[in-house]
2 protein chains.
Amino acid sequence: MSLTCGFAWLDVEVGMMASMADVARRANVAVSTVSYALNGTRPVAKATAERIHRAMEELGYRPNALARGLASKRSRNIALIFPMLERGLGLTEMEFVSAAAETAGELGYHLVLWSTPLGDTDLLTRLTRQGLVDGVVIMEVHLDDARIEMLRRTGVPFCMIGRTGENREDPFADIDFESTIRDAVAHLAGLGHRTVGFINHSRASFDAGYGPSVRAARAFEEAARDSGLRHFSRFCDDSPTAGREMWPEIVAAQPGVTGVIVMNERAGAGVLAAILRSGARVPEDFSVLSVASSERVAEMTYPPLTTFHPPAAELGRLGVQVLIDRLEGGEVPLVQQLIPCRLVLRDSTGPATRQPGAGI
Amino acid sequence: MSLTCGFAWLDVEVGMMASMADVARRANVAVSTVSYALNGTRPVAKATAERIHRAMEELGYRPNALARGLASKRSRNIALIFPMLERGLGLTEMEFVSAAAETAGELGYHLVLWSTPLGDTDLLTRLTRQGLVDGVVIMEVHLDDARIEMLRRTGVPFCMIGRTGENREDPFADIDFESTIRDAVAHLAGLGHRTVGFINHSRASFDAGYGPSVRAARAFEEAARDSGLRHFSRFCDDSPTAGREMWPEIVAAQPGVTGVIVMNERAGAGVLAAILRSGARVPEDFSVLSVASSERVAEMTYPPLTTFHPPAAELGRLGVQVLIDRLEGGEVPLVQQLIPCRLVLRDSTGPATRQPGAGI
DNA sequence: TTGTAGGCGTTATCAG
DNA sequence: CTGATAACGCCTACAA
């Protein structure tokens, strides 16, 4: 008795994993019965179940994930396609990843990170064919994305964060850029701004068909026109320097400007710096409205940025949930969810007071 | 012929995974031979190998990761213990995670993210006992960390990012806070500052034995004393607000202060804001030196922060490499590497010019 | 140089 | 309600 106990204890401490066979032996039942008791796949007598569970306890038993996956053809792993960008990922993405990992855990799944270059379909194919994961959540989707095409063809279950140009039947969760940008324009218009600008990500990202760049650009043109505002748009590299260098050009070309919407966190900081350095004030002379930039960054600038902040955590959670629903439920409704960014008022926007054309 | 070809094509496209048996059949060899050819575990005739590889190509064969792991008892998965903090993770951590994921991929491993609350040893135990991963890289290590204790006991291979209080035999990669802080103090001293302060993370983090908080605090006291500087230290919550609120108290209590070292990204932004709002200038009146805060944030403040920036990517890469070395190499030397933060000069530090005690 | 066969720890299909 | 016993896809002695 005490000997057995000793062994069990040893097993637990040393991590010499106990198998189902061990549990079965100790509970005096067949392995299959242990399996059934574990998964509730088949009714098991109360007394038997009790014995089995006690044996598991005593042995510190945990089912082997690999064996389980091999036998059931369901690994309970999902992958997060984690784009390998030169420019690196931001805080928004970090929030997203955290939420995804947490959600996966809660639902009994493991999240594996596949760091892959954006265009590398081959690598992705090789990875998915290893049978390690049951499906994937894919980030940074482009309007015309070869990776999505490949996932569709090969029948790998997936959920997009973002979306392609034409989405027929594929599940996704994305920011509602249309409504967000409309709200942003309305915010400035409501403050009396008559000439507003839009500072986008780089031209390269737009040309590559990066969803946010393209959708926001279109949405801005439309919303500004509908509001009867004078307006202009600019592409800008994702760096403070680029933003700083662009500002003088903007004021020169658009003398009437009093407000800008910036969907480029890093460039936004540069714009802010350029304005202050020029001797102008924010928001008295110029309003700067940040879109889809992280809380943490927005509150660190001077002045703190009024911002439409992205639902990163919601997207992460949703993406994983939707994917797992598809993996488990046989026929689940198609989820294609758009979530708008939420306005957080800080100190970088205010009534338009600067006289158009007045010197700065 | 064309029929077979057709099937192969179909298999590849539809993802109906081909197994080793399929390859063996097509190449007219035994499964074991395929295995040997694949892993180079045993010499295989050139012609045979060729046939096998061709068959693999044609079938789009990829070895099944689960089966391989089950049979070999090596999953080629490693986990990243990804702390679930209320306050969330920052850009530095994001860089770290990216590098870890990338490195794992390069070395033929998968990185799985285990989002676990800091104290939850039980959860961690359950996870490691599933046999899904061969080892773990563990972040946010505390001086007295129950998780490490548990990993040691259960014999799970691991590598720490950070380190516990007394490290005998455990591999780690960590920031060299001692030398970094010494350099930081020297930087300010060299600029002529005679009274300097240190703004740490929260008292809670210090009391919890969070390595960076504790080591940096000690290092600062020592370095400042050795340099013959007047000095003081403060704990501060990780938020701009906390930093902003703390500043007036500091100036009141330490009238001679001309420079502060801030190891708290978010509080640092608040301090900067408070100084500017008070009408003082940075760096003319006060120098603000940021330690271990991310590039991306430092360049976005106004003025851009001079900073000792953390080797996040190196740590991520190193942590994974060291772990995998241990998993593969039988007897590898113990790696316990400290990497200092690197000084990046920006605009927030300069010569001490303010007259001590002069009004601001 | 190659083939045969047992085993890795589950699940799931048979019977009882 | 429960027990045997094939798979699952691969690795690795042991034989030939």
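We name chains A, B, ... by the order of the sequence lines, and we start the count at 1 in each one.
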What does [X] touch in the nucleic acid at a heavy-atom separation under 4.0 angstrom: a base, only the sugar-phosphate, or nothing?
{"X": "A:S32", "answer": "base"}
{"X": "B:V31", "answer": "nothing"}
{"X": "A:R62", "answer": "sugar-phosphate"}
{"X": "B:V34", "answer": "nothing"}

Query - Test: B:R76 and B:E328 ion pair at under 4.0 Å - result: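 Yes, B:R76 and B:E328 are salt-bridged.
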Query raised in the report: Going by an N to O cut-off under 4.0 Å, is there a salt bridge joining B:R152 and B:E149?
Result: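 Yes, this pair counts.
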Query raised in the report: side chain to side chain contact (heavy atoms under 4.5 Å, CB included) with B:L151: which of B:D170, B:T121, B:I138?
Result: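 That would be B:I138.
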**Report entry** Among B:I52, B:L38, B:V23, side chain to side chain contact (heavy atoms under 4.5 Å, CB included) partner for B:T33
**Finding:**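 Among the candidates, only B:I52 passes.
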Please determine, for the side chain of [X], which listed nucleotide ([options]) has the closest atom?
{"X": "A:P63", "options": "C:dT2, C:dT10, D:dC10", "value": "C:dT10"}
{"X": "A:N64", "options": "C:dT11, C:dT1, C:dT10", "value": "C:dT10"}
{"X": "B:V29", "options": "C:dT2, D:dC10, C:dG3", "value": "C:dG3"}
{"X": "A:A45", "options": "D:dT2, D:dC10, C:dT1", "value": "D:dT2"}
{"X": "A:P43", "options": "C:dG9, D:dT12, D:dC1", "value": "D:dC1"}

Can you check whether [X] has a side-chain N or O nearer than 4.0 Å to OP1 or OP2 of [N]?
{"X": "A:R68", "N": "C:dG9", "result": "no"}
{"X": "B:T33", "N": "C:dG3", "result": "yes"}
{"X": "B:K73", "N": "D:dT12", "result": "no"}
{"X": "B:N39", "N": "D:dC11", "result": "yes"}
{"X": "B:S72", "N": "D:dC11", "result": "no"}

Over how many whole Å does the gap from [X] atom [atom1] to [N] atom [atom2] extend?
{"X": "B:L59", "N": "D:dG9", "atom1": "CG", "atom2": "P", "result": "14 Å"}
{"X": "A:Q130", "N": "D:dG9", "atom1": "CD", "atom2": "P", "result": "15 Å"}
{"X": "B:R51", "N": "C:dT2", "atom1": "CZ", "atom2": "C1'", "result": "11 Å"}
{"X": "A:R76", "N": "C:dT10", "atom1": "CZ", "atom2": "C1'", "result": "14 Å"}
{"X": "B:R74", "N": "D:dC10", "atom1": "CZ", "atom2": "P", "result": "17 Å"}
{"X": "A:L38", "N": "C:dT10", "atom1": "CG", "atom2": "C1'", "result": "10 Å"}
{"X": "A:L132", "N": "D:dG9", "atom1": "CG", "atom2": "P", "result": "15 Å"}
{"X": "A:L70", "N": "C:dG7", "atom1": "CG", "atom2": "P", "result": "17 Å"}

**Report entry** Check: B:M94 and B:L89 side chains under 4.5 Å, non-hydrogen atoms
**Finding:**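 No. Closest side-chain heavy atoms not under 4.5 Å.
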Query - Rounded distance [0.5 Å steps], CG in A:L118 versus CD in A:E86 - result: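 A:L118 atom CG to A:E86 atom CD measures 7.5 Å (nearest 0.5 Å).
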**Report entry** Distance-only side-chain donor-acceptor flag, B:T164 / B:N167, under 3.5 Å
**Finding:**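 Yes, B:N167 and B:T164 have a side-chain donor paired with an acceptor closer than 3.5 Å.
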What does the list of N/O pairs under 3.5 Å between the protein and nucleotides 14-16 of chain D look like, with a distance for each?
{"residue": "D:dC14", "atom": "N4", "partner": "B:R42", "partner atom": "NH1", "Å": "3.3"}

Query raised in the report: At their closest point, which heavy atom of A:N28 faces which heavy atom of A:R51, and how far apart are they?
Result: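 For A:N28 versus A:R51, the nearest heavy atoms are O-NH2, 3.7 Å.
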